[in-house]
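Whatever order the structure lists them in is the order used to number ligands and atoms, beginning at 1. Positions are given from 1 along the sequence.
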Amino acid sequence: MNTAAVASVGAKQIRHYLQFNDLNAEEYLYLFERAALIKKKFKAYEKHHPLVDRTLAMIFEKASTRTRVSFEAGMYQLGGSVVHLTTGDSQLGRAEPIEDSAKVISRMVDLVMIRTYEQTKIEAFAAHSRVPVINGLTNEFHPCQILADLFTFIEHRGLRDDGHIDLGCLKGKTVAWVGDGNNMANTWLQASEILGFTVHLSTPSGYEVDQSIAGIRSADSYKVFKDPMDACGGADLVTTDVWTSMGYEAENEARKKAFADWCVDAEMMRAAKPDALFMHCLPAHRGEEVSAEVIDGPQSVVWDEAENRMHVQKALMEYLLLGRL
Ligand code: CP
Ligand code: NVA
């Protein structure tokens with residue numbers, strides 16, 4: 001576990017969720033089962049209010065649709081409330097130190113979600129926070145998204161009739177990552193080490209994953225392929241992301257040239273297993289990283305994936321604040 005992820009205030013130990021490897025396999029099993037229950041109750045219009053009188057502060061230094069809506073709607077559904085801050089409408093944009101912001105905000109709320117640039121920034125916030133901090137995306141990681149992606153895979157491949165989850169459905173499976181060696185790719189690698197599957201990585205030259213930034217122990221859980229078609233060979237899941245992540249817009253034109261052959265199309269999906277799923281964290285650019293035929297086709301589960309952000313994050317917020325119920 002990442003040492004930045006555990007801290008104590010007085011006698012109380014607080015857990016942060018700054019990277020995927022801040023939780024272990026057993027905790028993920030609990031979270032997935034809890035998310036399945038929470039989703040079932042949501043679909044049945046059943047009240048689930050464990051976080052009455054609790055407040056979540058959401059801090060956005062980058063744009064968002066899914067993260068904003070899923071955390072905000074999710075917190076209200078848990079009986080709590082939210083405060084929404086951006087760089088532009090808070091003192092964060094006027095250079096108030098991150099440490100001071102953390103000390104102040106965490107005295108008034110119960111939980112903080114941050115979307116920002118460098119991972120070191122969220123770590124600095126967490127180090128001075130009295131309450132749990134959740135990573136809503138940094139340049140390096142996007143753990144809440146992979147939590148939702150894995151839950152979506154499990155729903156399609158490993159949810160038992162009794163509602164229990166079989167994490168074995170992930171063991172030995174192959175996830176093909178086609179595209180940028182970015183925050184999503186790094187997080188997939190952390191997940192593969194913890195949950196026992198393999199990632200086939202294919203990135204254009206110059207955009208490879210850096211194992212030390214990804215924060216994984218070894219190269220045992222991934223293989224690198226020059227040709228994205230080879231990476232997709234026999235995959236159980238094919239996934240990709242935008243060619244240019246937020247914060248890298250100045251590189252857009254160069255990236256468009258470098259990534260031209262890294263578009264997930266029907267041919268790549270045919271190289272994967274016949275029942276392979278397609279995922280994309282969204283927002284997507286049809287005709288760039290994925291063809292319309294694939295993202296809007298029968299193997300795509302991107303809408304389940306987006307919805308599941310809310311269900312898994314509700315389970316996560318409940319767990320960080322209340323532990324196992
Ligand atoms: N996938 C995701 O995090 O989407 P947003 O940028 O819209 O929050
Ligand atoms: N890699 C993308 C993910 C967006 C949800 C980015 O960081 O912009």
**Item:** For His200, the option from Thr174, Val175, Val224, Val238 that meets side chain to side chain contact (heavy atoms under 4.5 Å, CB included)
**Value:** Thr174

**Message:** Does any N or O of ligand 2 fall below 3.5 Å from an N or O anywhere on Thr244, backbone included?
**Reply:** no

**Under 3.5 Å: N/O of Val242 near N/O of ligand 2** = no

**Complete:** Note: ligand 2 atoms sitting under 4.0 Å from heavy atoms of Asn182 are 1 (N)

**Message:** I need the atoms of ligand 2 closer than 4.0 Å to a non-hydrogen atom of Leu282, numbered in the order shown.
**Reply:** 5 (C)

**Message:** Tell me whether Arg68 has any N or O atom under 3.5 angstrom from an N or O of ligand 1.
**Reply:** no

**Message:** Regarding ligand 1, does Cys281 bring an N or O atom to under 3.5 Å of one of the ligand's N or O atoms?
**Reply:** yes

Do the side chains of [X] and [Y] get close enough for a salt bridge, i.e. N-O under 4.0 angstrom?
{"X": "Arg157", "Y": "Asp236", "answer": "no"}
{"X": "Glu288", "Y": "Arg255", "answer": "no"}
{"X": "Lys121", "Y": "Glu61", "answer": "yes"}

Starting from [atom], locate the nearest protein heavy atom and write down its residue, its atom name and how far away it is, to 0.1 Å.
{"atom": "atom 3 (C) of ligand 2", "result": "Asp241 OD2, 3.6 Å"}
{"atom": "atom 7 (O) of ligand 2", "result": "Asn183 ND2, 2.8 Å"}
{"atom": "atom 4 (C) of ligand 2", "result": "Leu137 CD1, 3.9 Å"}
{"atom": "atom 8 (O) of ligand 2", "result": "Met246 N, 2.8 Å"}

**Message:** Under 3.5 Å, is there a donor on one side chain and an acceptor on the other for Glu155 and Asn308?
**Reply:** yes

**Asked** His128 and Lys103: side-chain donor and acceptor closer than 3.5 Å?
**Response** no

**Prompt:** In terms of atom number and element, which parts of ligand 1 are under 4.0 angstrom from non-hydrogen atoms of Arg309?
**Reply:** 1 (N), 2 (C), 3 (O)

**Per-atom contacts of ligand 1 with Thr65, taking only distances under 4.0 Å to non-hydrogen atoms** = 5 (P), 7 (O), 8 (O)

**Proximity of Asn139 to ligand 2 by residue part, where a heavy atom lies under 4.0 Å** = neither

**Request:** Could you establish whether Leu282 and ligand 1 come within less than 4.0 Å of each other, counting only heavy atoms on the residue side?
**Result:** yes

**Request:** Answer yes or no for Lys62: is there a heavy-atom contact with ligand 1 below 4.0 Å?
**Result:** no

**Prompt:** Does any N or O in the side chain of Glu208 come within less than 3.5 Å of the main-chain N or O of Gly206, such that one atom is a donor and the other an acceptor?
**Reply:** yes

**Asked** Of Arg309, Lys314, Glu307, which is the lone residue that meets side chain to side chain donor-acceptor pair (under 3.5 Å) with His311?
**Response** Glu307

**Message:** Looking at non-hydrogen atoms alone, which of Arg115, Met184, Arg66 comes nearest to atom 6 (O) of ligand 1?
**Reply:** Arg115

**Asked** Any cation-pi pair here, Arg34 with Tyr319, using under 6.0 Å and within 45°?
**Response** no

**Asked** Do the non-hydrogen side-chain atoms of Leu111 and Ile134 ever get within less than 4.5 Å of each other?
**Response** yes

